[in-house]
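Only one structure is covered here, and it is reproduced in the block below.
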Amino acid sequence: QVQGFQDKISELAPNVSAGLDEAITGLESFGNSTVEFNVPIDQTVQFQTDVVIDREIEVPIKTTLPINESFETTIKVAGPFGIDIPLDVTVPVDIDVPIDLRVTVPIHETVPIDAKVPVKLDIPINVDVSETKLAELSKALAAGLRSFQEVLAGLGG
C-alpha cells in the first residue's frame with residue numbers, strides 16, 4: 001500500500017512541483033511588487049466654524065472734488081458819514097479741490113460658516129509591498145512551499 005502511495009505521489013510530483021514553483025515565483029514577485037489601486041470617496045463633509053476678522057485696511061483715496069456753486073451773502077460796505085451800507089451779493093465759486101488721503105477702515109467681524117461640502121474623488125494609492133509586513137509573509141510562505149516541495153520530492157523518490 002505504501003508503494004502504491006509512493007507511485008501515486010511520483011506520478012503527481014511533476015505537476016505538483018510545477019504548481020509549487022509557480023506559487024513560489026508568484027509569492028516572490030508579490031513580495032517585491034508595488035500594489036496600485038484607487039480609493040473612491042463620495043461623501044458630504046459638514047463643518048461649522050467661526051472665521052474671526054480683526055484687522056485694519058487702508059483705503060487710498062485720490063480724487064478731485066469739483067465745486068461749482070454760487071453763494072448768496074450780505075456784505076457791508078463802509079459809506080460816507082460812518083454809515084455801513086448792506087449789499088446783497090452772489091459769490092460764484094468754481095474750483096477743483098484735490099483730495100489725496102488714506103482712510104484706515106477697522107474690520108472687527110466674526111463670520112459664522114456652516115457648510116456641507118460634497119467630496120467626490122478617487123485617491124490613487126501605491127503600496128511598496130517590500131516595505132510592509134506582507135513582504136515577510138510572502139517570503140515565509142514561499143519558504144514553506146519550498147520545504148513542502150522538498151518533502152514531496154523525498155516521498156516521490
Side-chain angles (χ1 to χ4, degrees), residues 1-73 91-157:
Q1 216 175 16
V2 172
Q3 184 63 38
F5 180 68
Q6 258 187 335
D7 290 345
K8 205 57 147 162
I9 289 177
S10 293
E11 196 178 297
L12 295 173
N15 289 339
V16 172
S17 184
L20 289 173
D21 283 340
E22 192 176 316
I24 291 168
T25 301
L27 283 168
E28 288 171 343
S29 175
F30 175 72
N32 294 318
S33 69
T34 299
V35 179
E36 299 176 2
F37 55 94
N38 285 334
V39 175
I41 297 176
D42 185 5
Q43 59 183 340
T44 301
V45 177
Q46 181 170 354
F47 62 92
Q48 293 176 328
T49 189
D50 288 335
V51 176
V52 177
I53 302 170
D54 190 12
R55 59 189 271 188
E56 292 180 348
I57 298 174
E58 276 195 9
V59 179
I61 298 175
K62 188 168 188 164
T63 188
T64 303
L65 181 62
I67 299 175
N68 189 355
E69 299 278 334
S70 294
F71 297 97
E72 307 236 349
T73 187
V91 179
V93 176
D94 187 8
I95 60 171
D96 288 333
V97 178
I99 298 174
D100 188 3
L101 61 106
R102 295 176 99 55
V103 177
T104 301
V105 179
I107 299 175
H108 304 290
E109 293 286 330
T110 299
V111 180
I113 296 176
D114 185 2
K116 290 181 181 178
V117 179
V119 177
K120 187 170 188 171
L121 54 102
D122 285 337
I123 298 177
I125 304 292
N126 293 328
V127 178
D128 183 356
V129 176
S130 67
E131 300 293 322
T132 67
K133 290 189 177 188
L134 286 173
E136 295 173 24
L137 179 61
S138 66
K139 285 179 187 174
L141 288 172
L145 289 178
R146 271 193 211 94
S147 295
F148 179 69
Q149 195 174 33
E150 290 170 5
V151 169
L152 186 63
L155 289 176

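Values below: every heavy atom of this structure, side chains too, minus hydrogens, waters and symmetry copies.
With contacts defined as side-chain heavy-atom distances shorter than 4.5 Å, the pair E36/T34 qualifies. Between L145 and L27 the shortest side-chain heavy-atom distance falls below 4.5 Å.
By the side chain to side chain contact (heavy atoms under 4.5 Å, CB included) test, Q46 is found to be paired with Q48, D114, K116, residues two or more places apart in sequence or in another chain being considered. By the side-chain hydrogen bond (donor to acceptor under 3.5 Å, both in side chains) test, D21 is found to be paired with Q149, residues two or more places apart in sequence or in another chain being considered. Remark: S130 pairs with D128 by the side-chain hydrogen bond (donor to acceptor under 3.5 Å, both in side chains) rule, at least two apart or across chains. Applying the side chain to side chain contact (heavy atoms under 4.5 Å, CB included) rule to T73 yields the partners I75, V89, V91; only residues at least two apart in sequence or on another chain are considered. In terms of the salt bridge (charged side-chain N to carboxylate O under 4.0 Å, His left out) criterion, R55 has no residue partners (sequence neighbours excluded). Scored by the salt bridge (charged side-chain N to carboxylate O under 4.0 Å, His left out) test, E131 finds no partners at all (sequence neighbours excluded).
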Validation: residues 96-110 side-chain donor-acceptor distances under 3.5 Å, sequence neighbours left out:
| unit_1 | atom_1 | unit_2 | atom_2 | d |
| --- | --- | --- | --- | --- |
| R102 | NE | E58 | OE1 | 2.9 |
| H108 | ND1 | D54 | OD1 | 2.3 |

For residues 120-127, run the donor-acceptor check on the side chains, cut-off 3.5 Å, and write out each pair with its distance to 0.1 Å, sequence neighbours left out.
none

Under 3.5 Å, side-chain donor or acceptor atoms of residues 132-143 against the rest of the protein: list the pairs with distances, not counting sequence neighbours.
| unit_1 | atom_1 | unit_2 | atom_2 | d |
| --- | --- | --- | --- | --- |
| T132 | OG1 | V129 | O | 2.8 |
| T132 | OG1 | L134 | N | 3.2 |
| S138 | OG | L134 | O | 3.3 |
| S138 | OG | A135 | O | 2.9 |

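Remark: side-chain polar atoms of S33 are paired, donor with acceptor, to backbone N or O of F30 under 3.5 angstrom.
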